[in-house]
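So you know, we letter chains A, B, ... as the sequences are listed, proteins then strands, and number each from 1.
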Amino acid sequence: MLAPDLLRAEKPKQEAERVLHALEHTEEGVVMRFAPNPSGPLHLGHARAAYLNDYYVRRYDGHYVIRIEDTDPRRVEPENYGLLLDDIDWLGLKVGEIVYQSDRMDIYYEHCRRLIELGGAYACMCDAAYFRDLKLEKKACPCRNQTIEENLDLWDRMLEGEFCEGMITVRVKTDLEHPDPAMRDFSIFRIVDAPPHPRVDARVYPMYNFSVVVDDHLLGITHVIRGKDHIANTRRQRYIYEYFSWNPPVFKHYGRLSIGGVVLSTSAIKEGIVSGAYTGWDDIHLGTLKAIARRGIEPDAVRKAMIDIGMGETDITFSWENLFAQNKAIVDPKANRYFFVPDAVMLPVADAPAHIAEAALHPNEPERGVRRLLFEGSVILPKGEIEGRTMVRLKDLFNVNVAWEGERPALTYAGESLEEARKAHAPIIQWLPPGQARDCTLKTPEGDIEGYCEEAASRELNRVVQFERVGFSRIDSVAVDLVTAYFAHR
RNA sequence: GCUGCUAUAGUGUAGGGGCCAAUCAUGUCGGCCUUUCACGCCGACGACUGGGGUUCAAAUCCCCAUAGCAGCACCA
């Protein structure tokens, strides 16, 4: 006979995490970054970038820089910084340091001056639309021929506040003959008059492609993993690396991840919150991390789902199914079991003796204990489950016969024999004693399900439980007269 | 329109000339276990976008077609 604990030890089953391709050029260490901008909370799309970088940072024991890209005052709202930090915390990244681009304006200014001195950039006072037309015809604008001194002078005057928004910009000299119009003399600085930046007193702002190159270089970033929407940016950035004679990091671009069934757009979310269509950033219909956290999805499930997706350059559709499967594997061993009765009816059970049912908190771990449910004459049942039946078994209690007098069911005690219930193909269903039932709303993306749950489930606030035969759910709030739970998955 | 990237089962992935009548996960279906339609176990189903070419040999290399996507901002 085998010892029971030996049997248990035999199923480690911890599936090996997927191994992604190795990174090139890791000999001198790995420094990577996750670079969100604080225009709204993080969603599943961000999680891919965050976890893919995190994966390699951990694998190579590297350094992870979280860089908040807040160089557009119009897209920065002060409260978003906190939201962002919460999300990063939730993800559980191996954070090495957090830097804010808005703290580094002087660095960008200084490097812009150097770039102009190197002959790599010029101040352009052309109208944006006019410039675009020239660019498409591969023609230089008049400003392109200014001397370095003239450009430095204009740059100084820009910083001194001599120009208004839209009057002037700084452009990198690239190749006007470049077959891709997107590469030709792109802009690296602009002026924004309003609104003021919440963290820094500035009017001259670096554009993405400039601040990123300067930061990636100065922060020693060795590898960059980002979406393929940045592929053109990478090419543009190479011009700047070239001028400064810097070694660019290794770039990797993954394909587009389309996430169905959920709202991701920050602007749409904001509108929805204002109009009342959504309750907040964590509304169940959203794809924000806050929303999926509220639904009882664990960060590690997201991590695994994202690592499984990997770095493919193909466009893919995000699979909730796979995410739920990962989450179930994490949550099933921990979640205590309770009854939740939707579509409820209360019915007396004729001829039944009083009884105390003992239902395991977790069937695979009896040592966790039981819930005691006191049967005293009547039960609350899911009506749909007894319709058309002549016998059901109330789980952990006893069998009942169901008699139908037209629409009205009448229940009679039918003994405790499990074998009989099996023989009769009676389904084993959840039930509640009226004295231990709490009103419970189960929130799902498809709508609210009203019902009752066990009183004891109200002690599981903020935890994921399994409502037996219904699915895994997170107990979201417990009020005197109502328990609210968020449905995660079956 | 211009530039570029990609194309393996329902979904996601592995495979980068022969070991591939193609891996793993998920899903679906069937069975076992079980006082949950959970977990676990067993089994089945299911794919190389199409057409040319190179080669003794192509999912793998080349070309064309098709499809999808991205960029072409004084956003990030």
Given the P atoms of B/A58 and B/A67, what is the spacing between them in whole Å? 28 Å
Rounded C1' spacing from B/A70 to B/C29 in Å: 39 Å
At under 4.0 Å between heavy atoms, what does A/H489 touch on the DNA or RNA strands: base, sugar-phosphate, or nothing? nothing
Considering every strand and a 4.0 Å limit on heavy-atom distances, what is the contact class for A/D229: base, sugar-phosphate, or nothing? sugar-phosphate
Tabulate atom names and distances for all N/O pairs under 3.5 angstrom spanning the protein and nucleotides 43-50 of chain B.
none

Which is true for A/L418 with a 4.0 Å heavy-atom rule: it touches a base, it touches only sugar-phosphate, or it touches nothing? base
Determine whether any donor atom in the side chain of A/R18 lies under 3.5 Å from an acceptor atom in the base of B/A25, or the reverse, and answer yes or no. no
With RNA chain B as reference, determine whether A/R190 or A/S319 sits nearer its 5' end, using the nearest nucleotide of each. A/S319
Could you check whether A/C126 gets within reach of a base, just the sugar-phosphate, or nothing at all, counting any heavy atom under 4.0 Å? base
According to the interplanar angle, ranging from 0 to 90°, do the rings of A/Y241 and A/F251 count as parallel (below 30°), tilted (30 to 60°) or perpendicular (above 60°)? perpendicular
Using the P atom on both, measure B/A25 against B/C69 and round to a whole Å. 31 Å
Checking understanding here: a glycosidic angle within 90° of 0 is syn, the rest anti, so what is B/G16? syn
Quote, to the nearest angstrom, the C1' distance that separates B/G12 from B/G71. 26 Å
What nucleic acid atoms does A/F472 come within less than 4.0 Å of, heavy atoms only: base, sugar-phosphate, or nothing? sugar-phosphate
Could you work out the separation of B/C72 and B/G16 based on their C1' atoms and round it to a whole Å? 32 Å
How long is the line joining CZ of A/F340 and P of B/A38, in whole Å? 18 Å
Could you give the distance separating B/G50 and B/C56 at their C1' atoms, to the nearest angstrom? 26 Å
Using the six-membered ring wherever Trp is involved, compare the ring planes of A/W320 and A/F318 and label them parallel, tilted or perpendicular (cut-offs 30° and 60°). perpendicular
Answer with base, sugar-phosphate or nothing: what part of the nucleic acid does A/R184 contact at a heavy-atom distance below 4.0 Å? nothing
Base of B/U36, side chain of A/Q466 - is there a donor-acceptor contact under 3.5 Å? yes
RNA chain B stem ranges, 3 or more consecutive Watson-Crick or G-U pairs under 3.5 angstrom: B:1-7 with B:66-72, B:10-12 with B:24-26, B:27-32 with B:40-45, B:49-53 with B:61-65
Enumerate the protein-to-nucleotides 28-32 of chain B contacts in which both atoms are nitrogen or oxygen and the separation is below 3.5 Å.
none

Just call it for A/E385: base, sugar-phosphate, or nothing, with non-hydrogen atoms closer than 4.0 Å on any strand. base
Below 4.0 angstrom from OP1 or OP2 of B/C39, is there any side-chain N or O of A/K328? yes
With heavy atoms under 4.0 Å as the rule, sort A/T71 into base, sugar-phosphate or nothing. sugar-phosphate
Considering every strand and a 4.0 Å limit on heavy-atom distances, what is the contact class for A/P363: base, sugar-phosphate, or nothing? base
Please work out if A/G166 contacts a base, only the sugar-phosphate, or nothing of the nucleic acid, heavy-atom cut-off 4.0 Å. base
Nearest whole Å is fine: how far is B/C74 C1' from A/I191 CD1? 9 Å
Under 4.0 Å, counting only non-hydrogen atoms across every strand here, what does A/R337 touch: a base, just sugar-phosphate, or nothing? base
A/I231 CD1 to B/U6 P: how many Å, rounded? 8 Å
Taking N and O atoms by type only, does the side chain of A/R75 place a donor or acceptor under 3.5 Å from a partner on the base of B/C75? yes
To the nearest angstrom, the NE2-P distance between A/H362 and B/U34 comes to 17 Å
Identify whether any heavy atom of A/A128 sits under 4.0 Å from a base atom; if not, whether one sits that close to sugar-phosphate; answer base, sugar-phosphate or nothing. base
Students often get this wrong, so: under 4.0 angstrom with heavy atoms, is A/N322 touching a base, only sugar-phosphate, or nothing? base
Taking atom C1' in both B/U23 and B/C61, what distance in whole Å separates the two? 23 Å
Gap in Å between the two C1' atoms, one belonging to B/U49 and one to B/A44, rounded: 27 Å
Does A/I429 reach a base, just sugar-phosphate, or nothing at all? Heavy atoms under 4.0 Å. nothing
When you check the gap from the basic side-chain N to the acidic O, do A/E460 and A/R371 get nearer than 4.0 Å? no
Quiz question: going by heavy-atom distance under 3.5 Å, is there a donor-acceptor pair between the base of B/C69 and the side chain of A/E313? no
Residue that, paired with A/R469, satisfies side-chain contact (heavy atoms from CB on, under 4.5 Å) out of A/E385, A/K395, A/R490: A/E385
